[in-house]
Protein chains: 2
Amino acid sequence: MHIGELAREAGVNIQTIRFYEREKLLPQPARTSSGYRDYQPRDLDRVMFIRRNHEIGFTLAEIRQLLELHAALENMPQPMRHRPAEVREIIRLGRERLAQVNAKIGVLKEMKKQLEALVRHLEQSALITCPVAQSDGAATSRRPPRSLSRTRS
Amino acid sequence: MHIGELAREAGVNIQTIRFYEREKLLPQPARTSSGYRDYQPRDLDRVMFIRRNHEIGFTLAEIRQLLELHAALENMPQPMRHRPAEVREIIRLGRERLAQVNAKIGVLKEMKKQLEALVRHLEQSALITCPVAQSDGAATSRRPPRSLSRTRS
DNA sequence: CTAAACCCTATAGTGGGGTATAGGGTCAAG
DNA sequence: CTTGACCCTATACCCCACTATAGGGTTTAG
């Protein structure tokens, strides 16, 4: 797989692939005799992993660590050749990331609730002015919508 | 509340507050007689709202829209003075954001699972080499850890 | 009345994450 | 054997989201 195909499949710019390589987010791929980069399917997975993680707010530095973390595990044969200190560090990092992920999930769930309430409320309002399809007598919520502020606005 | 206190409470730089004002993410606050910005508690909530949302991967432009969306609702009195077209647009935007939020939650949950598996696996491995607290005979997983790639590495 | 700790505007600079361009080689179809 | 679509390196540029600096006013404690 050449770089163009990889980029197209992953939905990113070709330059981005080369940029990720420079930044050590992608390993240096094999080269054809003429010097073209020759990628494996796993590289596509890796690019998509990077994109997904970047979209949910991780920096490239964090993603790089995450990738190293996975790699550390993959390169570790059964009985383990890493000194326990290293393994403990990796575990610590993993737990740290896990905490970050949980925090983000919490924020997103809260947002979700708020957005759902917002949309629900607006849909109700829309019903009042729109004479169409107004059969259900659901009362138009008297209380004001949830505000961002903890004090009344 | 002056700008310094607001910034300290929110955990951001003073310049960031002024930047958010320029970028219309914060409303222009009242001013003291000498021209100092005078903030209300709700402004702190707003700054923290912006930070939280930025951390989970929304751009400032998206957050601005989100804030406008909330504002549109707050400014809408019971019978509604917005034309239905406007309301429908806001609903559309709200649903769009909701879809984004749900997608992010999905990705994060997947990451969470992977990270948990990773940490669990590493903790098992640590048990083998560490002679301490090795009472439970849980077999040291023979299969290699889940890889990023769909093909074997 | 002065010095430290705040505040103001305006403008320039920075780091992260790409994206574009110049100048040139490769490969497959016609 | 040329033309178009691809690839290469190197370098410059861009946008976003801040962050710092210059040059100056205000407030409060001693």
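Being a predicted model, the structure only gives us computed values, none of them experimental. Lettering follows sequence order; numbering is per chain, from 1.
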Report summary line: With B for base contact, S for sugar-phosphate-only contact and - for none (protein heavy atoms under 4.0 Å), nucleotides 14-24 of chain C reads ---BBBBB---

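- Here D:dA5 presents its P atom at 18 Å from CD of A:Glu5, a figure rounded to the nearest Å.
- No hydrogens or angles considered: a donor-acceptor pair under 3.5 Å links the side chains of A:Arg51 and A:Tyr20.
- A:Arg8 pairs by the side-chain hydrogen bond (donor to acceptor under 3.5 Å, both in side chains) definition with nothing, not counting sequence neighbours.
- D:dT9 atom P lies 12 Å from atom CD1 of A:Ile14, rounded to whole Å.
- B:Glu89 pairs by the salt bridge (charged side-chain N to carboxylate O under 4.0 Å, His left out) definition with B:Arg92, not counting sequence neighbours.
- Expressed to the nearest 0.5 Å, how far CZ of A:Phe49 lies from CD of B:Glu110 amounts to 10.0 Å.
- Side chains of A:Lys104 and B:Lys104 form no contact here, defined as non-hydrogen atoms less than 4.5 Å apart.
- Between B:Leu25 atom CG and D:dC16 atom C1' there is a gap of 12 Å when expressed in whole angstrom units.
- Contacts between residues 31-39 of chain A and DNA chain D, counted as heavy-atom distances below 4.0 Å, involve A:Arg31, A:Gly35, A:Tyr36, A:Arg37.
- Residues satisfying the side-chain hydrogen bond (donor to acceptor under 3.5 Å, both in side chains) criterion with B:Lys112, sequence neighbours excluded, are A:Asn102.
- For B:His2, the ring pair (Phe, Tyr, Trp, His ring centres under 6.0 Å) partners are B:Tyr36, not counting sequence neighbours.
- Going from atom CG of B:Leu93 over to atom CD1 of B:Ile91 covers 11.0 Å, rounded to the nearest 0.5 Å.
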